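Labels below follow one simple rule: chain letters A, B, ... track the order of the sequence lines, proteins then strands, and each chain is numbered from 1. Remember, it's a predicted structure, so these values are computed and weren't measured experimentally.
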Amino acid sequence: MKKSTLFDIISPVMAGPSSSHTAGAVRLGLLARNIYKKVPHKVVFKLYNSYAHTGKGHGTDKGLLSGILGLKVDDRRIKDIFNNEISENIDYKFEYYDNFRRHPNSVDIELYGDYNMKISGDSVGAGEILITKINDFNVSLSGNYNTLILVYKDKPGMISSVTSHLQCANINIASLSCDRNAKGQDASMIICIDGNLDADIVQSIEKMDDIYFVTYVEKLG
Amino acid sequence: MWKNWDNDMDINISTFEQLYNVCISTNKQIYEVAQEAMGASEDISVEQVRAFALRSLFAMKEAIDSGLNSKELSLSGMCGDDCFKLQQRYKNESAMFGKLFEKIIEYALATSEENIRMGTIVACPTAGSCGILPAVLVGVSREYNYSENNQISALITAGEIGRIISVKVALAGAVAGCQAECGTASAMAAAAVCQLRGGTVKQILNASALALKNLLGLTCDPVAGLVEVPCVKRNPFLAIHAVTAVELALSGIESKIPFDEVVDSMAQTGALMSPMLKESSQAGLATTKTGLKIKENIFGK
Ligand code: SF4
């Protein structure tokens, strides 16, 4: 259980009615937006279990779309987002499923645009969230840390060469986790850091051999 | 304890006994200890901690004032116009216990109804229980003209109570039932008002403990899985409940069971409570004949 601080108890200021179904949904959308980096042309939201059953009554659909559009949890436009002009140029669709293997409050967000991406996440309670999958890779992103995500060729020495880049820039790593789809194929690395990462460090990592994809995801406010 | 509290507030206080001892040995109020510890852990000043609390206080007042002026129904259509009904009645008749009583139940309903119509509220500690603390904090402050500064101190006091409860029990209906959400909110509200009324540290902790103790076992069985029935109307009830606790505590009445043990028993009760009564809407009010009918009307079969 994550320890609560005084601030956690007397906040957040948020659009109701539910921290997991509304505020959590907004944050899932926001973090997906930070990962995807662009405004998609089209989004398909697949809602599972409780999100599918009681989502409409809790405005989960409105929350998810608002997050993708960059609204914060306390934004007064969330309530009427479907009729707001900022949602006019995006094509969106909601689908509802039951799947007992998934968390009670979970969603797949399929983003279509300059490139396509599928992001899955859960709303784990009290507005806290977890992005669990990006495309085929298992990840664990809470949005509480600035995070570097990499996809690279699975081979010896990759982790230390990436972390040495961070070390040179005097960046402290809060946590690091890896996943791969098969030995010797693609692997992913998720690095949560304290503080901020400058764009030039991200670029220098991008230029390394056998790195396919790098993205820097800023934490949620 | 060997640490010097005056210079080193960066110690995690995790029980009410510790909090009490620190307050007494340093001759500080609960909010002073809490704001210094929060400041130290985030590396920010006490003023910044208080500014954060002010932002929440401000949002609470905004939610009350918009709630008082709306009778828009929720997405499901189940609730939303009760505060309006209450205000209509008070135009011609007054409440049995006077103006302050009216304010408190109006504010609690106003805030809760604002929540279910997707208005902006402060989840304090949760969205379902968002009307309880603001109703008494703002109601009492407006009635007695307490300064903004006093209100901030009261809110921080309440927040510290909630924080320490949350060390042992997750404040979520799905984990420990409504005792953990609305029960905690009422305990926090009692602390805030006791602080405003000039209660001692001991009295504040007793007020809180008494409020919580008398809500143990409260289940979470929302109809149709929505934070509306019984949640909305539960807020005014538990706001008044907090005031009772404060009146007792200010008279020197103590909780026979110490606060920490009350929290332990809430944790145990929450663990023993059937999952069917913890936000899953599989029992209780949710599965009454009428509860099921309402669900069917909203979501279909
Ligand atoms: S009954 Fe359940 S959903 Fe309603 S306020 Fe209590 S804990 Fe929250």
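- Interface summary for chain A: among Glu72(B), Met60(B), Glu42(B), the most heavy-atom pairs under 4.5 angstrom belong to Glu72(B).
- Residue Leu57(B): no heavy atom, backbone or side chain, is found under 4.5 Å from chain A.
- Both the backbone and the side chain of Ala53(B) come within contact range of chain A, each with at least one heavy atom under 4.5 Å from a heavy atom of that chain.
- Taking chain B as the reference chain and counting heavy-atom pairs below 4.5 Å, the highest number among Gly59(A), Gly127(A), Gly16(A) is found for Gly16(A).
- In terms of heavy-atom pairs under 4.5 angstrom with chain B, the leader among Ser50(A), Ala15(A), Ser19(A), Gly125(A) is Ala15(A).
- Note on Gly57(A), Ala126(A), Ser18(A): by heavy-atom pairs under 4.5 Å with chain B, the leading option is Gly57(A).
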Yes or no on side-chain contact (heavy atoms from CB on, under 4.5 Å) for Leu148(A) and Ile190(A), after CA distance, side-chain angles and deciding distance? CA-CA 6 Å; Leu148(A) 193 63; Ile190(A) 308 289; over 6 Å; no
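- With sequence neighbours left out, Tyr97(A) forms a ring-ring contact (aromatic ring centres under 6.0 Å, His included) with Tyr48(A).
- In this structure, Thr60(A) and Ala25(A) approach most closely via the heavy-atom pair O-CB, 3.7 Å.
- The two atoms that bring Asp108(A) and Ser120(A) nearest to each other are OD1-OG, 2.8 Å, heavy atoms only.
- Looking at Val49(B), the atoms closer than 4.5 Å to chain A (heavy atoms on both sides) sit in the backbone and in the side chain alike.
- When the candidates Cys124(B), Gly77(B), Ser281(B), Cys231(B) are compared by the number of heavy-atom contacts under 4.5 Å with chain A, Cys124(B) comes out ahead.
- Ile298(B) does not touch chain A: none of its heavy atoms, backbone or side chain, sits under 4.5 Å away.
- The side-chain tip of Lys219(A) does not point at the ring of Tyr145(A) from less than 6.0 angstrom away and within 45° of straight on.
- Scanning for ring-ring contact (aromatic ring centres under 6.0 Å, His included) contacts around Tyr51(A) gives His21(A), with sequence neighbours left out.
- Counting all heavy atoms, side chain and backbone alike, Asn196(A) lies closest to Tyr216(A) at CA-OH, 3.6 Å.
- Neither the backbone nor the side chain of Ala172(B) comes within less than 4.5 Å of any heavy atom in chain A.
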